[in-house]
Amino acid sequence: MVRLGFIIGFIALLGALLSGLAAYRVHDQELALDRIALARAIDVHASLVQDRSTERELLARVASGLFRAPSVLKPNMLEPLRSAIYAFKTDFVVAGWVARLQPNELVAAQAAIAAAGFPKSQIRDYNDKPIDPASLTQPIDVLMDLEPRSDETKSLPGRSYNQDQVRSAMLARARIEKRSVASDPVPLLRENGPIGVIVAAPVIPEGATEPVGFITFSYELASLMLTNDDLSLFSVALKDPRKEGSELIANDQGVVSTRMTATDGPAPSATRTVSFGGRDWQLGYYAKTNSARRAEQTAIIVAAIGFAITAMVCGLFGYVAYNNLRLSREIQVRIGFERRLTAVIDELNHRVKNILAVIQSIVTRTLRHGSDIDVARELLIGRIHAMSNVVSLLSESQWQGVKLKGLFEARAIPHADRIAVSGPDIAVSARAAQSLSLLFFELASHSDEGLSLVGKHPHITANWTVTGEAPEVFQFRWEEFNTSEATRRPDSDFGLILLDRVAPEALGGTAKRYFTDVSYVYELTAPMDTVVDMTERDRTEKLSQPVKPAR
């Protein structure tokens, strides 16, 4: 047996080493391949984004070069460029002509906007508040024409960009540097519109040094960043230039939102920088799949296959050892079962002896010399029936205890319909249940069965409480109203012994009984530990548990 175990152990060790080595090699190879594929995909994507950005910046430059600023303001100033703009690229949101107007040109500009068919011709700030020409001392940048014209864009011409921080900063930089400039990310068309960027190219007439206006193109970030490729290996985020530690991301529908990057959060797998509008934009790439986890899963599969083959080989050699171990376990289970069965039989004998001793005491006390045979027979049957009822309840709960309210059922005690029971529905132990069942029967059987002197049956209340913290105290009170010492059946000798001595001693407590002006009262006080008796319950539960095989 020892030699067989040594052979099996050696084969298992060798197979485990080979499987681990193969899994290690596969893990490294898969990880390297995934990293190479991800790096290539990121480089291709960054190159496409750069090409796309360059094309759109070139569109602004070409449009500004083709635009000829008129000597006077006139409507539809983008009309000559429309065919060229749409022939070049059509994915912009809005193309616009922003004129740099002197204060004395505002009246003519309003007339030109009205002649072009726009509904709002008055020159106003970016919040649609009218501008008083007399209050101006410097030129202002006003949107004069745009493309495409729609219900959403027709109301935009006439707005001044000087009051908008993002757009005014873009135009100021384009005017100073005299080249195309991109803005910070900003909502387009409206306050809650899609987030995008605007590129502005200055229009400088021949021989002039200052631009007379700007050609602007706005683009949504999602399309500019190429973020809607569901089959890509990564997701793209743009570092927000407006706020440190913030990123702009787009969901599957192309809606761009802002998120904060936590210092302890996942870092991007790679970063790339693209140039657009005279500034650098940093793209962060987050891998959609965990390359390390994927490599680990592949290595686990390879290792599992190796271990399976090793297990099959070891299983052939371990068949005999397995049979011997199984036989040994069966023998241990059988021995444990026989020991448990012996303990259960001993426990059952103990409980039967206790019940027989109680019944013997009941019979002896009830059928004492000189007692009325009819009354004694009635009491004997009732007491034995009460014992039978509590044994049935204990059997149903596998001797784990009995709910206290169950001892007041009509099958257990007489006149149950006249007893008002109240108190917490606690579960008492088997020993306490036997004593309390006889106690309740004895109290109920001696209550007035006929009419009292005033022509009423006695009203009975039985209530109990659990008070205190540690240790808790069980307090029981039985009270029969509409009765008196003259009308109530006298307690028998057995009943007096049970009420005054047996029940209190069995529960480790004290009892007292007395008559008031209108009732008969019996009170019992005992420690809650004795009423519940967790030691007995734990022992019974242990005996009822199934036998487990030894390991």
Side-chain angles (χ1 to χ4, degrees), residues 354-355 357-359 361-362 364-366 368 379 382-384 386-387 389-390 393 401-409 412-416 418-448 458-468 471-533 536:
N354 287 343
I355 294 174
V358 174
I359 293 176
S361 176
I362 292 174
T364 302
R365 294 287 183 176
T366 305
R368 71 188 186 283
L379 290 175
R383 290 165 180 167
I384 294 178
M387 284 294 299
N389 177 69
V390 74
L393 294 176
V402 175
K403 294 293 185 180
L404 189 52
K405 290 184 179 180
L407 300 179
F408 287 93
E409 296 178 355
I413 59 176
H415 317 309
R418 294 189 312 188
I419 304 175
V421 179
S422 63
D425 198 11
I426 59 176
V428 299
S429 66
R431 183 176 62 178
Q434 294 176 11
S435 300
L436 292 174
S437 177
L438 286 175
L439 175 66
F440 298 158
F441 171 79
E442 200 66 31
L443 290 170
S445 64
H446 285 75
S447 63
D448 186 16
H459 172 66
I460 304 172
T461 61
N463 61 79
W464 59 89
T465 58
V466 179
T467 61
E472 295 179 328
V473 178
F474 171 78
Q475 294 179 340
F476 172 78
R477 179 183 175 88
W478 172 285
E479 188 168 6
E480 303 172 13
F481 295 92
N482 298 327
T483 188
S484 64
E485 191 171 1
T487 61
R488 190 177 188 276
R489 177 193 293 180
D491 292 313
S492 62
D493 292 341
F494 177 81
L496 292 176
I497 295 174
L498 178 64
L499 295 176
D500 297 339
R501 191 181 68 186
V502 175
E505 290 180 357
L507 299 177
T510 59
K512 61 181 178 179
R513 51 189 175 84
Y514 53 89
F515 284 93
T516 67
D517 295 339
V518 294
S519 63
Y520 168 76
V521 179
Y522 176 81
E523 295 180 347
L524 173 65
T525 303
M528 194 61 185
D529 293 341
T530 307
V531 175
V532 176
D533 197 355
E536 179 189 31

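FYI, the numbering just counts along the sequence from 1.
Side chain to side chain, Glu523 and Tyr514 meet the donor-acceptor criterion of an N or O pair below 3.5 Å.
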- Task: For Val421 and Trp464, run side chain to side chain contact (heavy atoms under 4.5 Å, CB included): C-alpha distance rounded to whole Å, both residues' side-chain angles, the deciding distance at 0.1 Å, then the answer.
- Result: CA-CA 9 Å; Val421 179; Trp464 59 89; 3.3 Å; yes
- Decide side chain to side chain contact (heavy atoms under 4.5 Å, CB included) for Arg513 and Leu496; before the verdict, give the C-alpha distance in whole Å, the side-chain angles of both, and the deciding distance to 0.1 Å. CA-CA 10 Å; Arg513 51 189 175 84; Leu496 292 176; 3.0 Å; yes
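For the atom pair OG1 (Thr461) and CD (Glu480), the distance works out to 9.0 Å, reported to the nearest 0.5 Å. Put simply, OG1 on Thr465 and CD on Gln475 are 4.5 Å apart, with the number rounded to the nearest 0.5 Å. To the nearest 0.5 Å, atoms CG (Leu507) and OG (Ser429) are separated by 7.5 Å. Interatomic distance, CG of Asp425 versus CG of Leu404, reported as 7.5 Å (0.5 Å rounding). The distance from atom OG of Ser435 to atom CD of Glu505, rounded to the nearest 0.5 Å, is 10.5 Å.
Here the closest non-hydrogen pair linking Leu499 and Ala511 is O-CB, 3.6 Å. A pairwise comparison of heavy atoms in Pro424 and Val466 identifies CG-CG2, 4.3 Å as the closest pair. Closest approach of Leu498 to Pro504, counting heavy atoms only: O-CD, 3.8 Å. The two residues Ile419 and Ala462 come nearest to each other via the heavy atoms CG2-CB, 4.0 Å. When every heavy atom of Lys405 is checked against every heavy atom of Gly423, the shortest pair comes out as CE-O, 3.2 Å. Shortest non-hydrogen contact noted between Pro527 and Gly508 is CD-O, 3.2 Å.
Side-chain atoms of Val502 and Leu438, non-hydrogen and from C-beta on, never get closer than 4.5 Å to each other. You'll find the side chain of Ile426 stays beyond 4.5 Å of the side chain of Val532, heavy atoms only.
Between the Tyr522 side chain and the Leu443 main chain, no donor and acceptor come within less than 3.5 Å of each other.
Classified by interplanar angle (parallel below 30°, tilted 30° to 60°, perpendicular above 60°), the ring pair Phe481/His459 is parallel. Under the 30°/60° scheme for interplanar angles, the aromatic rings of Trp478 and Phe408 are found to lie parallel.
By the side chain to side chain contact (heavy atoms under 4.5 Å, CB included) test, Thr510 is found to be paired with Thr525, residues two or more places apart in sequence or in another chain being considered.
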